[in-house]
Amino acid sequence: MACSFLSLGFQDVLSQGSTSPVTSYRKLQGWSSDQNKWNEKLYPFWEEGDPRWKDCWKGGRVTVKLDTDSPALVGSNVTFAVTLQFPKCQKEDNDGNIVYERNCTQDFPVSQDQQVYVYNWTEWIDNCGWENCTSNYSHNVFPDGRPFPHYPGWRRRNFVYVFHTFGQYYQRTGRSSAVFSVNTANITLGKHVMAVSIYRRGHSSYVPIARASAIYVVTDKIPVFVSMFQKHDRNISDSIFIKDSPITFDVKIHDPSYYLNNSAISYKWNFGDGSGLFVASSPVVSHTYTLQGNFTPNLTVQAIIPVPCKPVTPTAPLPTSAVMTGASSNADYSITVESVEDIPDEGCHIYRNGYYRNGISVVEGILEVNIIQMMSIQMTESQAENSLVDFVVTCQGSLPTDVCTVVSDPTCQVSKSVLCDPVTITDECLLTIRRAFEEPGTYCINITLGDDTSQALASALISVNGGSSPGKTEGVFIFLGVLAVLAAIGAFVLYKRYKQYKPIERSTGQAENHEGLTAYLSNFKAIFFPSNTEKNPLLKSKPGIV
């Protein structure tokens, strides 16, 4: 295909895939107008479908990935990352050459110490391989004729990237990847297209190898995302939560360029349940819904951004409808209209807001699980291979539909067995779970009760003797969280205090207090060191065994 004799501009070469032309724009810092002339002799232009694309790279086609951290708040930076993906078994070495990976291709010579090159650009440059040494220097220019910047290592950057957006272009050299940022202060609101064309070194000219484009968004609304978490929620992605249990709302502001770092940010919540407006300075808040139903939490994030004060110049007054804080909320591609507020002794500021709302459902759920009794089961000699232990469990909230038991080592880190069963409970949440232990030892037990939307967990540490031991399991220890530990410590302190300061005579009220303390310690001892489990009243009407 013969080269065109028409004089091409950057717009003609780079506007492939643009959604719509931009007829007027404000200049981007460091960018140039796409009305400039393009050096087609040094940087040939190929239409899509041109057969030369098939042979522009040895070993196959090069693909390119163009990523962006959009959306970007107007005034911040939007960053683009370009990554070249070479054909199989090819990679870039430390000198910027393209080589075959060892043990990945059959093209290696007998000596594995000899490297096989796809493109040995280091040799080209060192030997003045572009025609001759004089003309070699004339090739180190961009498509508009500007010379390459001579920073350290510039001769090892063998790719030329030309970016195009908003009626302007930006060109740079690089290796197999490139990252650059654009400030959005002069970009209109809405969706825009960033296009990139990549060229590689050739012997007499640069050769096009890949093109890509990506859509990025500039907005005057702070990009906000909210994650919600609840302790006993079974599925955090279904927007169904449990009544009477705190929900944690964690607000994430998308600000990859740290534009809002020095801003004063506030979070205004309306949880939609009639509890009123809640204003916080922290992105993490908690709220408890005490009623069932559907609710719509609403959040407004406001940022007060310090900016340089503009010089006072007489200007014609704007129409009332156009005077606002922040950017115009009209359709995409609207021009940003800002109101800068001058606060005495505090400089100038602009205001930006972000909004979030989402519907959630609040239902009954399982709030708490407690293991209130453990006891071994007496077996005949023929059944003495395993030790059977019954766990009596209660819960608060809704009735469970399934129960899972995880048996682990004493550290609760290494799981030994997991067993799950469906359960049917129609009245109160009280059930007995029977589990077998193949050998004596100490185990960590996790019992989880769940329904469609919630689940709650209780843990215990149990010491099991051999299956032939009659009666109860010797040395059963339950640790039901911090409350049980505190209760034990509190009981011990009270007991010690009572023994140490026991008066010789006491009044009737003191006698009653002493009897209450004695009863409390007696119950505490009965729970942890039962003398006869068959006398426990909880087992007289023991529910069905799972």
Side-chain angles (χ1 to χ4, degrees), residues 8-40 42-48 53 56 62-72 74-85 96 140-149 151 154 157-201 205-218 256-257 333:
L8 295 178
F10 276 77
Q11 185 181 35
D12 302 316
V13 176
L14 302 176
S15 61
Q16 306 296 313
S18 296
T19 55
S20 59
V22 180
T23 56
S24 62
Y25 53 83
R26 289 178 287 180
K27 188 170 180 354
L28 304 179
Q29 185 175 3
W31 290 59
S32 305
S33 170
D34 63 7
Q35 302 302 311
N36 291 345
K37 300 302 181 183
W38 177 279
N39 185 347
E40 190 184 3
L42 190 57
Y43 291 86
F45 169 60
W46 299 341
E47 295 278 0
E48 291 298 330
W53 280 108
C56 65
V62 174
T63 58
V64 58
K65 185 179 181 182
L66 178 61
D67 294 318
T68 172
D69 61 6
S70 159
V74 62
S76 68
N77 291 341
V78 58
T79 299
F80 299 88
V82 188
T83 305
L84 295 178
Q85 297 173 334
N140 294 324
V141 296
F142 288 112
D144 61 0
R146 299 179 190 177
F148 292 163
Y151 34 68
W154 70 274
R157 301 189 177 197
N158 298 298
F159 297 96
V160 175
Y161 298 85
V162 186
F163 300 91
H164 181 244
T165 189
F166 209 58
Q168 297 164 78
Y169 69 89
Y170 173 78
Q171 50 196 5
R172 61 173 295 177
T173 59
R175 301 186 59 164
S176 60
S177 62
V179 177
F180 78 103
S181 299
V182 183
N183 188 269
T184 61
N186 286 341
I187 299 180
T188 54
L189 305 181
K191 294 181 179 180
H192 303 280
V193 175
M194 175 67 71
V196 60
S197 294
I198 303 102
Y199 286 74
R200 68 163 175 84
R201 286 189 185 274
S205 65
Y206 288 89
V207 180
I209 57 171
R211 295 173 183 165
S213 63
I215 294 176
Y216 66 100
V217 177
V218 178
S257 65
Y333 302 103

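As the structure is a prediction and not an experimental result, all values here were calculated from the model.
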Determine whether [X] and [Y] make a side-chain contact, defined as any pair of heavy atoms from C-beta on separated by less than 4.5 Å.
| X | Y | answer |
| --- | --- | --- |
| F10 | V162 | yes |
| V82 | F159 | no |
| V78 | D69 | yes |
| P256 | T79 | no |
| N140 | P147 | no |
| Y216 | V182 | no |
| P208 | P44 | yes |

Show the numbers, then the answer: is there a side-chain contact (heavy atoms from CB on, under 4.5 Å) between I187 and H192?
-> CA-CA 9 Å; I187 299 180; H192 303 280; 3.5 Å; yes
Could you tell me how the ring of W46 sits relative to the ring of W53: parallel (under 30°), tilted (30 to 60°) or perpendicular (over 60°)?
-> perpendicular
Describe, in one word, how the ring planes of Y161 and F163 are oriented to each other, choosing from parallel (under 30°), tilted (30 to 60°) and perpendicular (over 60°).
-> parallel
Roughly how far, to the nearest 0.5 Å, is the [atom2] atom of [Y] from the [atom1] atom of [X]?
| X | Y | atom1 | atom2 | answer |
| --- | --- | --- | --- | --- |
| L66 | I215 | CG | CD1 | 11.0 Å |
| N77 | S257 | CG | OG | 5.0 Å |
| F45 | L14 | CZ | CG | 8.5 Å |
| W31 | N186 | CH2 | CG | 13.0 Å |

Measure from the side-chain N and O atoms of [X] to the backbone N and O of [Y], and report whether any donor-acceptor pair falls under 3.5 Å.
| X | Y | answer |
| --- | --- | --- |
| S176 | L84 | no |
| E40 | L8 | no |
| N158 | G96 | yes |
| S33 | Q168 | no |
| R157 | R172 | no |

Where do L28 and N183 come nearest, in terms of heavy atoms and distance?
-> CD2-O, 4.3 Å
Minimal non-hydrogen separation, T184 against G75, with atom names = OG1-N, 2.9 Å
Which is it for F166 and T188 under the side-chain contact (heavy atoms from CB on, under 4.5 Å) test, yes or no, and what are the steps along the way?
-> CA-CA 9 Å; F166 209 58; T188 54; 3.5 Å; yes
May I have the step-by-step check of side-chain hydrogen bond (donor to acceptor under 3.5 Å, both in side chains) for Q171 and D144, ending in yes or no?
-> CA-CA 9 Å; Q171 50 196 5; D144 61 0; 2.6 Å; yes
Just jot down the side chain to side chain donor-acceptor pair (under 3.5 Å) partners of S197, sequence neighbours excluded, or say none.
-> none
Residue list, side chain to side chain donor-acceptor pair (under 3.5 Å) with D34, at least two apart or on another chain | H164
K65 atom NZ, neighbour heavy-atom count above 12 within 6.0 Å | no
Between Y206, Y43, F148, Y199, which is the residue that forms a ring pair (Phe, Tyr, Trp, His ring centres under 6.0 Å) with F142?
-> F148
Can you check side-chain contact (heavy atoms from CB on, under 4.5 Å) on W38 and D12, steps first, answer last?
-> CA-CA 9 Å; W38 177 279; D12 302 316; over 6 Å; no
